[in-house]
Amino acid sequence: MVSLKSLNSEQKKAVEYDGGASLIVAGAGSGKTRVLTYKIAYLIDKGYAPESILALTFTNKAASEMKERIKELIGTKAQYLWMGTFHSLFAKILRIESGALDFSVNFSIYDTEDSLSLVQNTMAEMNISTETVNPNAVRHRISFLKNHMITPAVFRKKMMTSFIDEKIADVYERYQQRIQEHNAMDFDDLLLKPIELFRKNPKIHQKYKKKFQYILVDEFQDTNKAQYELLKMLVNKEEKICVVGDDAQSIYSWRGADLTNMLNFEKDYNNAKTFRLEQNYRSTKTILAASDSVIKNNKDQISKTLWTDNQEGELVGLIKCSDEKDEAYHITRIIKDEIHNYKRGMNDFAVLYRTNAQSRVLEDVFRREKIPYLIIGGVEFYKRKEVKDIVAYLRVIANQNDEESLLRIMNFPQRGIGMTTIKRMTAFARRHEITLFDTMQRVFEVIDIKERIQKNVKGFRILLDKYIMLSDRLSVGELTRSLIDELGIIKLFKEESSYESLARLDNVQELLSAITDYSTEHPNVKLNDYLQDVSLASDLDLLDETKQHVNLMTVHSAKGLEFPIVFVSGCEEDIFPLSNRFSTDASMDEERRLFYVGMTRAKEKVFVSHARSRYRFGEVAYQNRSRFIDEISSDTITEVTSGSGRKANRKSKKEIYYEYFENVDYVDFTQDKSKHIKVGSRVMHDKFGLGKVLQVIGAGDTQKVSVAFEGNNLKQLMLKFAKLKILN
DNA sequence: AGGCCCGTATGGCCC
DNA sequence: ATACGGGCCT
Ligand SMILES: Nc1ncnc2c1ncn2[C@@H]1O[C@H](COP(=O)(O)OP(=O)(O)OP(=O)(O)O)[C@@H](O)[C@H]1O
């Protein structure tokens, strides 16, 4: 029997409750995840078969950790649990039931980039100019509609308000048609198709409804409409469902998460029992008080009590910095001090930020200062071009209808199949209503392609056929290795031998060893399974709390995690809260929740830092410190910066330029020829001051330039006469 | 077909 | 700063 001794009485009640639907609402660090873990172990103990339990987590990483924990509690039978993210578990069901769908078992999973590329191709095909309609906005919109379960037809009938909407409806419709022809699903489809499947096919619906005797959901506050619908469809008559969440930690509304799921739960399951956990085991009293003082600025929230027996702890440290480099050096210094004074390990620290772009400077400084670190997120490994290209080969080998992948590799490595050829083949495919892959077979019928090129296409098709055949016989690892060999990719990057191409080479080799490892660990695995894991993998899987390095990640990625010491960096207006002119009150509240999530990751100590100036889009921007810093109750925060993390503050752009003119050589246009001047050149004029060249007009003696000087001052000057000095 | 250069945009969080 | 797409030249 699983011992519930390590739970408090309320946690225990929640674990032991087996009467029907239950909702656990509780604040950060109150042991929600722990309750879920024990509850699953407890249910198995009580007689529920592991394979009859459906447990949904927010990330794959959370799932595998929970599974490990349950294995420790009840042994290896835990491996039969249906535990994972919504996306991965329903993808699994879709593959099993693909026979009942208009998809075959080997369907591809399109990530955001693939979707965008499909949107672009669709728009091109429909002659919708990307000038009038931004493809990425369209992709967003389509995904939003899908997340809210709005079909093209419904959208057309009820929601269109503009000419652009009409175009979007057209693209949406065509997109759905194409993705189906490609035998592919995007992330949203992984949730929508099961709903469709269950609706159309009551037998299959009943099968799963019967199969899953108990459903448990972690991070319920961030589920979307489709996920809610799926739960409702699958829950059995006794309503054996347990969801846990914290409305104050809802931070994914931008991808369709809908808090009303949580607010309406008690209405939809009218026998639902609600449990509240009020004791926080994670953080110090100070951290709780500080984070609470921030979150209470949000109007709408479920009121919750949260207290802790933990120590008072240290005050939140406020780090004031001159710029982002200074910030990185301050953080470095504090990490070194903490390690020196309190014998902490590198893995005790997490540096969090609002946007991935902010990791760059931290990375540079940590490298220089010899602080070992791991960046989670950013340009993820499987999103790198060279890696995606190779994965695209595997996807085509698994699913020849996957046109987005086929287009990616058609001319990689270069084999003389250019844009024009691809356009002609695509046109042929559409005309004859066949796939692009089949068109390659019949390329000799595409008469507007030159014979030499036709041969290239045919050669490529033969190569693919060979690997499609081999894919049954070779392991995923062997297949990839031999493919990379034959394509000469390694040689290609070696020969180019630029810094970038060598980095690419590294990535290809890393991919190869990752695939080989995967093959060894899962000897009988199908290419499909591997590809699915890759599509749904996240960088978070790399996180290893036992490894001696500082962890860098976005606050979003840090959800559900905990670290002894947490830095919340870049706390400046416009960055955290991130905002733009479209920002709303609601998005401000979500930013605040995000900040709350960041602070509450800490067990012992939180630092918040802000920089007076920071590079953004190649320009220095000055920003006030975040309102969230000011919302932290003053008796829980103290400044820890006396002096600067490093010497030299950033000077304003103006200062830099003036200094430059005083100290550095410049070209005087009255003497030198004008060949140095070009659009974008920075220039100095005695009377007008600093400026930037917008246009160079004419040549020779009459050559003129148009310059934007400071203060929105536009001038046209004759180069011959104007006393212009130029900066290189 | 492919390479190069220029202009322009750059809203970010993730399964 | 940087990356990407479009247009132009070879
Ligand atoms: N009864 C308990 N006794 C001791 N430690 C506990 C207890 N309950 C939870 N903890 C510890 O408190 C910490 C937070 O627990 P957990 O991650 O389950 O909280 P949570 O509510 O899911 O947090 P969050 O919502 O912030 O992600 C963990 O380190 C966990 O081990």
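We use all heavy atoms of the structure for the numbers below, so side chains are in, but hydrogens, waters and symmetry mates are not. Numbers restart at 1 for each chain; the letters A, B, ... are given by sequence-line order, proteins then strands.
- Applying the ring pair (Phe, Tyr, Trp, His ring centres under 6.0 Å) test to His556(A) and every residue at least two apart in sequence or in another chain returns Tyr252(A), Trp254(A).
- Separating the CD atom of Glu590(A) from the P atom of dG12(B) is a distance of 16 Å, rounded to the nearest angstrom.
- Note on Phe58(A): only backbone sugar-phosphate atoms sit closer than 4.0 angstrom, heavy atoms only; bases stay farther off.
- Residue Thr554(A) places its side chain closer to dC13(B) than to any other of dC13(B), dC15(B), dG2(B).
- Note on Thr420(A): only backbone sugar-phosphate atoms sit closer than 4.0 angstrom, heavy atoms only; bases stay farther off.
- Atom CE of Met553(A) is separated from atom P of dC14(B) by 11 Å (rounded to the nearest Å).
- Under a 3.5 Å cut-off, the side chain of Asp533(A) and the backbone N or O of Tyr530(A) do not form any donor-acceptor pair.
- Leu578(A) has its CG atom 15 Å from the C1' atom of dC14(B), to the nearest Å.
- Atom CG of Asp222(A) is separated from atom P of dC14(B) by 13 Å (rounded to the nearest Å).
- Here Asn136(A) lies out of heavy-atom contact (under 4.0 Å) with every strand.
- Among the protein residues, Ser88(A) comes within range of no part of the nucleic acid, since none of its heavy atoms lies under 4.0 Å from any strand.
- Contact check, Asn134(A) against dG11(B): no side-chain N or O comes under 4.0 Å of OP1 or OP2.
- Using modelled atom types, one side-chain atom of Ser569(A) and one backbone atom of Leu352(A) make a donor-acceptor pair closer than 3.5 Å.
- Summarising the geometry, the separation between CD1 on Ile376(A) and P on dC13(B) is reported as 14 Å, rounded to the nearest angstrom.
- The same atom, C1', is picked in dG6(C) and in dG11(B); the two are 23 Å apart, to the nearest Å.
- Residue Thr59(A) places none of its side-chain N or O atoms closer than 4.0 Å to OP1 or OP2 of dC14(B).
- Using a 4.0 Å heavy-atom distance criterion, Asn356(A) is classed as a sugar-phosphate-only contact.
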Show the distances under 3.5 angstrom between N or O atoms of the protein and N or O atoms of nucleotides 4-6 of chain B.
none

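- Both Asp188(A) and Gly416(A) lie close to DNA chain B; mapped to their nearest nucleotides by heavy-atom distance, the more 5′-ward contact belongs to Gly416(A).
- Ring stacking is absent between Tyr252(A) and dC14(B), as the pair misses the limits of under 5.5 Å between centres and under 30 degrees between planes.
- If you measure from atom CD of Glu113(A) to atom P of dC14(B), you get 15 Å, rounded to the nearest angstrom.
- Side-chain N/O atoms of Gln227(A) include none lying less than 4.0 angstrom from OP1 or OP2 on dC15(B).
- Nearer the 5' end of DNA chain B, as judged by each residue's closest nucleotide, is the contact made by Gly418(A), out of Gly418(A) and Glu591(A).
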Can you name the atoms? Protein N/O to nucleotides 1-5 of chain C N/O, anything below 3.5 Å, with the distance.
| unit_1 | atom_1 | unit_2 | atom_2 | d |
| --- | --- | --- | --- | --- |
| dT2(C) | OP1 | Arg360(A) | NH2 | 2.9 |

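- One can place CG of Asn224(A) at 13 Å from C1' of dC14(B), the figure rounded to the nearest angstrom.
- Under the 6.0 Å cut-off for aromatic ring centres, His140(A) and Phe144(A) do not qualify, their centroids lying 6.0 Å or more apart.
- In the interface, the side chain of Thr112(A) is paired with the base of dC15(B) through a donor and an acceptor atom under 3.5 Å apart.
- Checking dC13(B), dC14(B), dG2(B) against every side-chain atom of Ser557(A), the shortest atom distance belongs to dC14(B).
- Computed from coordinates, the Asp114(A) CG to dC14(B) C1' distance equals 15 Å when rounded to whole Å.
- Across every non-hydrogen atom of Arg255(A) and Asn147(A), the tightest pair is O-ND2, 3.3 Å.
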